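Residue numbers run from 1 in the order of the sequence given. Keep in mind it's a predicted model, so treat the numbers as computed, not measured. The analysis underlying the following values was restricted to heavy atoms, covering all of them including side chains, and did not include hydrogens, waters or symmetry mates.
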Amino acid sequence: MFVRSGRFRLYAAVAAGSFRRFATYRIATMAGVFTNTVFGVILTYTYIALWDEKPGLGGYDQAQALTYVWLGQALLTTVAVMGGGFEDELMRRIRTGDIAIDLYRPADLQAWWLAGDLGRALFQLLARGVAPMLFGAFVFQLALPGDVLTWLAAALAVLLGVVVSFALRFLVALSAFWLLDGTGVAQIAWLASTFFSGMLLPLNVFPGALGEIARALPWSALIQVPADVLLGERSGAELPATFAFQAGWAVALLAAGRLLQAVATRRVVVQGG
């Protein structure tokens, strides 16, 4: 029990340290809020024109579609759709060989980086997510829920989305153990995340088999699923299945990451020996 308590405090300290680290970049944060807000306005008027032409597209009315836009801007950096989290630093440590020090520490590599990414995500949500969302709600007519339970369910969906995002990016970072440079893999993952997360358009808009496949992939857990929960498209009896979908992908991807981590650790030990 004492060991578990000590590990929890360790990873909590890592998360808190990551939060403080990102909080030091105040100018970059303000620039990010401004950028997210500007792109939110551009996307809003694009969506208004699109939904004027095709009302009810994807099962959303216009207010829901605009809410989707501003939630997407709030979650863009929170779930690191376009990267920018820990993965670049981890790949750099793998290339330089500093990863050997990390592997010999009395802390789990995956849990260490997950804790740090959770701290980053919390800061990005509070600092870069809330302000654009409030601006969108003040200037445009959004379909925001009025009950606390829906907001809590959406918060859980966002948390699970962050974990899925971390698990995907952890796999990308570990590819640097076998490649001279993981930049190519990171760019492919960035394109897949941008397209299949619902950042560009709601996945409900995608036709036929493409839409079904896109909604079944792990990237849909990043933006599409939290948006549907907040908008009430997934509620009541559907919520357990929704959370199970996200949690299932999180567990599967984290397990794959642990397997690759074990293989990579064995390789480092053999080469070091």
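W112 approaches L10 most closely through the heavy-atom pair CZ3-CD1, 4.1 Å. Nearest approach of D117 to F166, heavy atoms of both residues: OD2-CB, 3.7 Å. When all heavy atoms of P226 and V158 are compared, the closest pair comes out as CB-CG2, 3.9 Å. Here the closest non-hydrogen pair linking V164 and P218 is CG1-O, 3.6 Å.
In this structure, Q64 contributes its side chain and D61 its backbone to a donor-acceptor pair below 3.5 Å. A distance-only check finds no donor-acceptor pair linking the side chain of S18 to the backbone of A15 [under 3.5 Å].
Residues forming a salt bridge (charged side-chain N to carboxylate O under 4.0 Å, His left out) with R234 (at least two apart in sequence, or on another chain): D228. Scored by the side chain to side chain donor-acceptor pair (under 3.5 Å) test, R93 finds D102 as partners (sequence neighbours excluded). Legend: residues meeting ring pair (Phe, Tyr, Trp, His ring centres under 6.0 Å) with F22, ordered by chain and number and at least two apart, are absent. By the side chain to side chain donor-acceptor pair (under 3.5 Å) test, T96 is found to be paired with D98, residues two or more places apart in sequence or in another chain being considered. Every residue meeting the side chain to side chain donor-acceptor pair (under 3.5 Å) condition with T44, not counting sequence neighbours, appears here in chain and number order: W70.
To the nearest 0.5 Å, atoms CG (L174) and CD1 (I94) are separated by 5.5 Å.
Looking at L114 and L118, their side chains come closer than 4.5 Å, going by heavy atoms from C-beta outward. Taking 4.5 Å as the limit, some side-chain heavy atom of T29 sits within range of a side-chain heavy atom of F123. L253 has its side chain out of reach of V163: every pair of non-hydrogen atoms, C-beta onward, lies at least 4.5 Å apart. Two residues are said to be in side-chain contact when any heavy atoms from C-beta on lie closer than 4.5 Å; S193 and L222 meet this criterion. Taking 4.5 Å as the limit, some side-chain heavy atom of L57 sits within range of a side-chain heavy atom of L50. Here the side chains of L254 and F170 are not in contact, with every heavy-atom distance at 4.5 Å or above. V38 has its side chain within reach of F34: a pair of non-hydrogen atoms, C-beta onward, lies under 4.5 Å apart. The shortest distance between side-chain heavy atoms of L230 and W151 falls below 4.5 Å.
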Taking distance alone, no hydrogens or angles, what donor-acceptor pairs closer than 3.5 Å link side-chain atoms of residues 128-147 to residues at least two apart or in another chain?
residue: D147; atom: OD1; partner: T150; partner atom: OG1; Å: 2.9
residue: D147; atom: OD2; partner: T150; partner atom: N; Å: 3.0
residue: D147; atom: OD2; partner: T150; partner atom: OG1; Å: 2.6

Only distances under 3.5 Å count here; give the side-chain donor-acceptor pairs of residues 239-248 to other protein atoms, sequence neighbours excluded, each with its distance to 0.1 Å.
residue: T242; atom: OG1; partner: E238; partner atom: O; Å: 2.9
residue: Q246; atom: NE2; partner: A157; partner atom: O; Å: 2.9
residue: Q246; atom: NE2; partner: A221; partner atom: O; Å: 3.1

Identify every side-chain donor-acceptor pair in residues 83-91 under 3.5 Å, counting partners at least two apart or on other chains, and give the distances.
residue: E87; atom: OE1; partner: R169; partner atom: NH1; Å: 3.0
residue: E87; atom: OE2; partner: G84; partner atom: N; Å: 3.3
residue: E89; atom: OE1; partner: R21; partner atom: NH1; Å: 3.3

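Counting only residues at least two apart or on different chains, the salt bridge (Lys or Arg N to Asp or Glu O under 4.0 Å) pairs with a member in residues 242-265 are D108-R258. Evaluation of the side-chain hydrogen bond (donor to acceptor under 3.5 Å, both in side chains) test over residues 45-56, restricted to residues two or more places apart or in two chains, returns D52-Q62.
Under the 3.5 Å distance criterion, with hydrogens and angles disregarded, a donor-acceptor pair is assigned to the side chains of Q224 and Y68.
Surrounding CD1 of I27 are at most 12 heavy atoms belonging to other residues, nucleotides or ligands under 6.0 Å away.
Taking Ile, Leu, Val, Met, Phe, Trp and Tyr as members and joining any whose side-chain heavy atoms lie under 4.5 Å apart, directly or through other members, I188 forms no hydrophobic cluster with any other residue. Other members of a hydrophobic cluster containing L259 are absent, since no ILVMFWY side chain comes under 4.5 Å of it, directly or through relayed contacts.
Residues F206 and F196 keep their aromatic ring centres 6.0 Å or farther apart.
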